[in-house]
Amino acid sequence: MVRLIDENGLRIDGRRPDQLRPIKMEAGVLEKSDGSAYIEVGGTRIYAAVFGPREVHPKHLELPDRAVLNCRYHMASFSVDERKPLGMTRREIELSKVLREALETVVFLEEFPRMMIDVFVEVVQADGGTRTAGITAASLALADAGIPMADMVAATAVGKVDGVIVLDINEAEDKYGQADMPVAMAPRLGSIVLLQLNGMMTTEEIEKGLDMAGNAIKHIQQLQIEALRRRYHIEAGGEEV
Amino acid sequence: MVRLIDENGLRIDGRRPDQLRPIKMEAGVLEKSDGSAYIEVGGTRIYAAVFGPREVHPKHLELPDRAVLNCRYHMASFSVDERKPLGMTRREIELSKVLREALETVVFLEEFPRMMIDVFVEVVQADGGTRTAGITAASLALADAGIPMADMVAATAVGKVDGVIVLDINEAEDKYGQADMPVAMAPRLGSIVLLQLNGMMTTEEIEKGLDMAGNAIKHIQQLQIEALRRRYHIEAGGEEV
Amino acid sequence: MVRLIDENGLRIDGRRPDQLRPIKMEAGVLEKSDGSAYIEVGGTRIYAAVFGPREVHPKHLELPDRAVLNCRYHMASFSVDERKPLGMTRREIELSKVLREALETVVFLEEFPRMMIDVFVEVVQADGGTRTAGITAASLALADAGIPMADMVAATAVGKVDGVIVLDINEAEDKYGQADMPVAMAPRLGSIVLLQLNGMMTTEEIEKGLDMAGNAIKHIQQLQIEALRRRYHIEAGGEEV
Amino acid sequence: MSYTAIGERGYAAKITRNRIYELLREGRRIDGREPLEYRRITVKTGVVEKADGSAIVSLGSTKILTGVKVEVGSPYPDRPNEGVFTVNAELLPLASKSFEAGPPDERAVELSRVVDRCLRESHAIDLESLAIVKGEKVYMIYIDCYVLDYDGNYFDTSVLSAVAALMSGSLPKYRVADGKVEKVEGERIPIPLKTIPVSVTIGLIKDMLLVDPIPIEENVVDTSIIAGYTSDSVVAALQKNTPGFMPVDLLKKALEIGKLKSQELRGKLLESLGHALEKQ
Amino acid sequence: MSYTAIGERGYAAKITRNRIYELLREGRRIDGREPLEYRRITVKTGVVEKADGSAIVSLGSTKILTGVKVEVGSPYPDRPNEGVFTVNAELLPLASKSFEAGPPDERAVELSRVVDRCLRESHAIDLESLAIVKGEKVYMIYIDCYVLDYDGNYFDTSVLSAVAALMSGSLPKYRVADGKVEKVEGERIPIPLKTIPVSVTIGLIKDMLLVDPIPIEENVVDTSIIAGYTSDSVVAALQKNTPGFMPVDLLKKALEIGKLKSQELRGKLLESLGHALEKQ
Amino acid sequence: MSYTAIGERGYAAKITRNRIYELLREGRRIDGREPLEYRRITVKTGVVEKADGSAIVSLGSTKILTGVKVEVGSPYPDRPNEGVFTVNAELLPLASKSFEAGPPDERAVELSRVVDRCLRESHAIDLESLAIVKGEKVYMIYIDCYVLDYDGNYFDTSVLSAVAALMSGSLPKYRVADGKVEKVEGERIPIPLKTIPVSVTIGLIKDMLLVDPIPIEENVVDTSIIAGYTSDSVVAALQKNTPGFMPVDLLKKALEIGKLKSQELRGKLLESLGHALEKQ
């Protein structure tokens, strides 16, 4: 039995229950896509890239009244402890759907009828919270690509470990803890766009977790905005801030 | 350690280093394709067939300014010592590409815009040099189908065994030797259209090998021409030559 | 060695050689398809559903002069003793073809050019005779969907066990017996539309089997007609007969 | 690759959406139900004797068949003393015009994983009591759900169907003799369950919530949430599905509704199962 | 999912059908044959030395290569004392415009299974004599048929080709020494066959029967039947293929014709094999 | 089935081709480089701690991530005393408009096989020292290359990336105790390399050669050759790719150029690796 909260109420990596891991973000890291981003949340490392709006391929997926948004969440074989087999696992297929639905919520698809926007999320290293870090990066990449959105989505996971509701759970907390609840929000609209739960929480605990997540997500959106600002200054002024 | 060159400088099958194995070729061996050929090089046995120029299927592969050339290199399950699993291996996928690119080089694709030419290479028995015998047969089948080409491609492999550069390596030499370099040329143009190397050779050895291959390929083209001539006489005069 | 016919000439489930197992049939059991049926023959249990005539998808399968008829025969993983792996087995692919060809024989496809009719057969439990019960159900579902047919196909299997020609063989008789001959007929036309044989029978035995099957199939068609009549009365009068 | 679904929302849908919303405000549904009313549940168990457990559960016209098959196998190396279970779900093409033949698409994969989540995270199946020889031989339970007729809400119906199949099913008994595992013919033991998970699907249109949506509603809801509850009304699984905003306060309301509806559904399931098991 | 084949029957086909039917009534075929006449059979064996048996059999221009490969493996648990064989058939795209590259389609699957049926149900291969160590090690025979040139009737040609490959092939010999199975180098034994199955394909147009159809005939027959016969003229396999009605009385007639033609074909095969084996 | 690539060469390409050729004759490139000049190489190692070795190598804007994962497994029966390695390469769709999601296409397969060839035929990895227990347990090294950003020349970049990942990586240590293989926690040993293979991609337009092509050049070259060299400047792998004639004399010239450029690239790689490993 792994003990996840010590006598001082601190977590195995020394964090307080409501503390995020260190986050690093950068926009515009890949040249050949129309928008891109890189994110690190603790040991989790993810690239995201966006292509479009562009012509729909294959053609029969085209929609007359709005753009099609496609999304692929994919992990590198070496991103996890046990080498992941090549090809898409069922988990990756599900998360691709969940991420797509969350992003479709905020992107103004009606502005681009008969077009397609592709979002690719590539997990280079997984240390917990890959779907939430992934959607944060994807949203930043969409902004970098200049795709109009109702809000920039940001995300984190809350969890329950040793009976305590904690923010931004890491891999060990995910594995040995009692619950993992990834949440993505459109923070300015105060609305959830992605929500899942694996594990047991009472409705009260979920409410507490959502509040915790809500605050953190506002902070993460600030980091996104800063990343965009850095990217903008570099491009505008030609020098790093 | 297998000894591949004996004290007289002869190879395990008794050949001199610059000697080809016996080659048999025949054009027009299959009735239902538009052109076909059969080749034996030592124990290697291959059928090739050509269909087209015909309408492109699937339609979206069509090119406005020239024909599409498709190629499939495939081995029968029993063609090798250990039964090959059904379906295309990665090796077969690569060789299909390499063969296609070599044939595209010589076929006048611009003459058949919006059309398709299919080339199928079926290895019935593999005893070394299947891709080179395969392209030789494919080229003969193209000629049999009346497809216009800049030159009729012929091919062989040179290799290095026991430190000696040898022509047309067989399976044992491929397996236990130091290098295998398949070469296909358009002999009248003196140009290479396919080249690969597995194994270690100095640039000098490669040059020597290319010269050796060049001479052999001229000879092999003669055999192709003779095969076409036999085929022509049979069809014209109704009797075998 | 299993003994399949006892000293009284009765079979392991107590039937006489020319006796069918209990059969239950119901039309219109699924709401969302255009026609449907459920059948039980002994322990064999099958659903069938029909969609169409509707637009062809994918488009390129469309035929200018008649409808396309598609058929899928599929078994639930738990329908057999050893759990069947997910996905279509070669057996299921073959039976889909055989069933399609049998149904195409009787459906007036020419009446629906550029349209498509889909027939789905789902084996929920397999206890021998799934393809024959399946086609009986499929035909009933086609009738329920109002698709015009030359005749309503019905089917059963005859077999040879312990040297005796028997009707409607069950799973044990199939496994330990000498032959299994599934037969589907258009009974009013006296014509065979599906016929297969696994196992050894003389031509005389086959003739005898066909006669036995022919009589049984007429009876099974009566059951189909009764099922349709029940379905009709329910819908018309709003009450069960 | 997940693609925006064709026709998920069209122009005509907007008119329907308004109509459904107006009805909801009046406390009604397009099929006559109240907003928080489930359709009729029917349960038939023991429908496939070759399975070790089976059930057809209907929610209105939606009909889902689950079969349970038990094998003996090796445990996972990191869980040597636990049995193993696997959930698979298929959207059979005979169930709906919107389902296609072929390998499971992302909807089927999501359904499998949500059913799995409801069972696994609630610890419904007592995996530790499924070890036959610790570290070596364990029960492996395959739970396969097939959608036979699709009139909306495959999530809740599948969970009910899977639970009904497990509760009415049983395991062959094994004995260990001389280090060998052998089946005790004719004896069977119940599948050990620690809780009865039930999921509740709640749709949202503007500020109104509804449960157990039918396809016409699924097509126009702003978004929806599937919540899985244990017998103690603890939430064990959540899945927001369908693109759209879910305001936090409405989510909280939805979870409270879900708690009540899950108790109601579980009650009906147990009642039906009682009847069904008596009949069986 | 099995789809109605494109172009299986068109308008032009009706004219051809009438023409073929009129000829049949005069006892003739479009290629000059009589209705119940097979095309010329040629047999070449030993064409692939790396195989444990191989043959190219031609029926007219239809040419099918079969290779047999032998491995040692474990028996099926329910048949511990029997060897194992597997048949696969591929419609190579070089053989016909109507074949496509890619995984086997339903025609190839049907062909594999019909060839398998002819061999298996006739008990042609003596599986019991293929056990090396009972319950542990048995011969596993892989029989792979490749259609090289397709001018109709791949069923009968494949069966002939498979049988020719088996009859001209051989098994490596194994010895059991100290509980280990080891190959006896240089020694080979024949593949044990108990009967020589041969299939006959019979097409039907209205009230006329024909054998060994070519593609132009395959496209217009009302239906057809493939019948596999043992050396004793017992029917071991049947497969109606092609949509269409098969009246019972014509089927009976077809089976009698098949009996005679199978004897004729078997005779020709054995004769050719004799020649081929002499040459080899 | 390999298909002629759509848009591989269009009309517009001919104008570009002439422009690039004219520039080459003046000793220039479209991006300002000289014909035989590589773009800037940057190397970052240790980018994925969960991998047993990892590196991102950039050649200009082309960026390729390689991760090495080590397992213990059984050797191949015909090489009982050697470890095993496998190379896989994926053209991730986020790297370029021209890459698609889905199973590896023929370009990705070719890339995998060319990287494999450079490593294997140069005997770069000392497979014999990868046996843990001869004939029974060996190291299995999985080398997976992912193209993250594609601006031309994925061959050379992948080889550099794979080599950087191997050189900066390490193997877990195993001890054999009482016939059992157990991991020595905390101890790691370098991956044994015998040479440092480097590939050079050379394009040809008419009579002019260029190295390290960018996509606009890849689209118009007559043909190109990838040559892999050992540390001793022996050629260990060749792959002509792109349809087109390669005159023998130009090939010979290309191989000499390749020899020099490979030395230069290897030097830069080692220098960068030195920096990178210091940082790590």
Side-chain angles (χ1 to χ4, degrees), chain C residues 60-74 88 90-91 93-107 109 116-120 150-151 178-181 183-186 189-203 205-207 210-211 214, chain E residues 1-11 13-14 77-78 87-88 104-114 116-117 120-123 195 222-223 225-230 232-256 258-259:
Chain C
H60 67 91
L61 295 175
E62 192 178 279
L63 296 181
D65 58 333
R66 67 203 155 105
V68 162
L69 190 145
N70 306 323
C71 185
R72 189 175 99 131
Y73 165 97
H74 178 252
M88 293 282 278
R90 294 164 72 90
R91 180 177 169 280
I93 292 170
E94 185 203 355
L95 293 191
S96 295
K97 180 175 189 286
V98 164
L99 259 62
R100 170 181 64 79
E101 291 181 349
L103 294 172
E104 271 193 28
T105 304
V106 294
V107 173
L109 296 174
M116 171 170 93
I117 296 164
D118 285 312
V119 179
F120 300 107
D151 196 356
Q178 292 140 292
D180 167 29
M181 182 170 75
V183 187
M185 288 188 182
L189 305 170
S191 257
I192 296 165
V193 296
L194 179 155
L195 180 66
Q196 295 184 296
L197 168 64
N198 283 282
M200 290 202 264
M201 288 171 84
T202 63
T203 48
E205 288 168 337
I206 291 172
E207 292 189 12
L210 287 173
D211 292 343
Chain E
M1 195 75 162
S2 175
Y3 297 93
T4 300
I6 290 174
E8 216 165 56
R9 272 120 212 273
Y11 286 122
K14 293 194 180 159
D78 56 339
V87 175
N88 189 61
D105 65 9
E106 63 175 28
R107 294 175 298 174
V109 169
E110 185 185 31
L111 174 57
S112 303
R113 288 180 55 87
V114 168
D116 183 283
R117 202 167 292 159
R120 192 174 307 278
E121 301 297 341
S122 65
H123 302 150
T195 194
D222 289 340
T223 192
I225 186 98
I226 302 110
Y229 294 83
T230 67
D232 298 333
S233 290
V234 174
V235 186
L238 285 175
Q239 180 88 340
K240 175 178 177 303
N241 103 326
T242 317
F245 292 112
M246 172 67 83
V248 175
D249 55 334
L250 284 170
L251 174 69
K252 292 178 182 172
K253 196 171 155 196
L255 293 180
E256 290 306 322
K259 199 191 280 191

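The model shown is predicted, which means the values in this text are computed figures rather than measured ones. Just so we're on the same page: letters track the sequence lines, and every chain starts at 1.
- Within 6.0 Å of NZ on E/Lys252 lie more than 12 heavy atoms contributed by other residues, nucleotides or ligands.
- To the nearest 0.5 angstrom, C/Glu104 atom CD is 10.5 Å from E/Thr242 atom OG1.
- Once rounded to the nearest 0.5 Å, the distance linking CE of E/Met246 with CG of C/Leu194 reads 11.5 Å.
- A distance of 7.0 Å separates OG1 of C/Thr203 from OH of E/Tyr229, quoted to the nearest 0.5 Å.
- From C/Met201, atom CE reaches atom CG of E/Leu238 across 9.0 Å, with rounding to the nearest 0.5 Å.
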Evaluation steps, side-chain contact (heavy atoms from CB on, under 4.5 Å), between C/Glu101 and E/Lys240: CA-CA 9 Å; C/Glu101 291 181 349; E/Lys240 175 178 177 303; 5.6 Å; no
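- With C/Leu195 as the partner, the side chain to side chain contact (heavy atoms under 4.5 Å, CB included) test is satisfied by one option alone out of E/Val248, E/Leu251, E/Thr223: E/Leu251.
- When heavy atoms are compared at a cutoff of 4.5 Å, C/Leu189 approaches chain E solely by way of its side chain, counted from C-beta outward.
- Heavy-atom distances place no part of E/Ile226 under 4.5 Å from chain C, backbone and side chain included.
- Scanning for side chain to side chain donor-acceptor pair (under 3.5 Å) contacts around E/Asp249 gives an empty result, with sequence neighbours left out.
- Each of E/Arg120, E/Arg117, E/Glu256 has some count of heavy-atom pairs under 4.5 Å with chain C, and the biggest count is that of E/Arg117.
- The one candidate from C/Lys97, C/Glu94, C/Arg100 that meets the side chain to side chain donor-acceptor pair (under 3.5 Å) condition with E/Ser2 is C/Arg100.
- Side chain of E/Thr4 to backbone of C/Leu69: a donor-acceptor contact under 3.5 angstrom is found.
- Scanning for side chain to side chain contact (heavy atoms under 4.5 Å, CB included) contacts around E/Asp232 gives E/Thr230, E/Val234, with sequence neighbours left out.
- E/Met1 pairs in a side chain to side chain contact (heavy atoms under 4.5 Å, CB included) with only one of the listed residues (C/Val119, C/Ile93, C/Asp118), which is C/Asp118.
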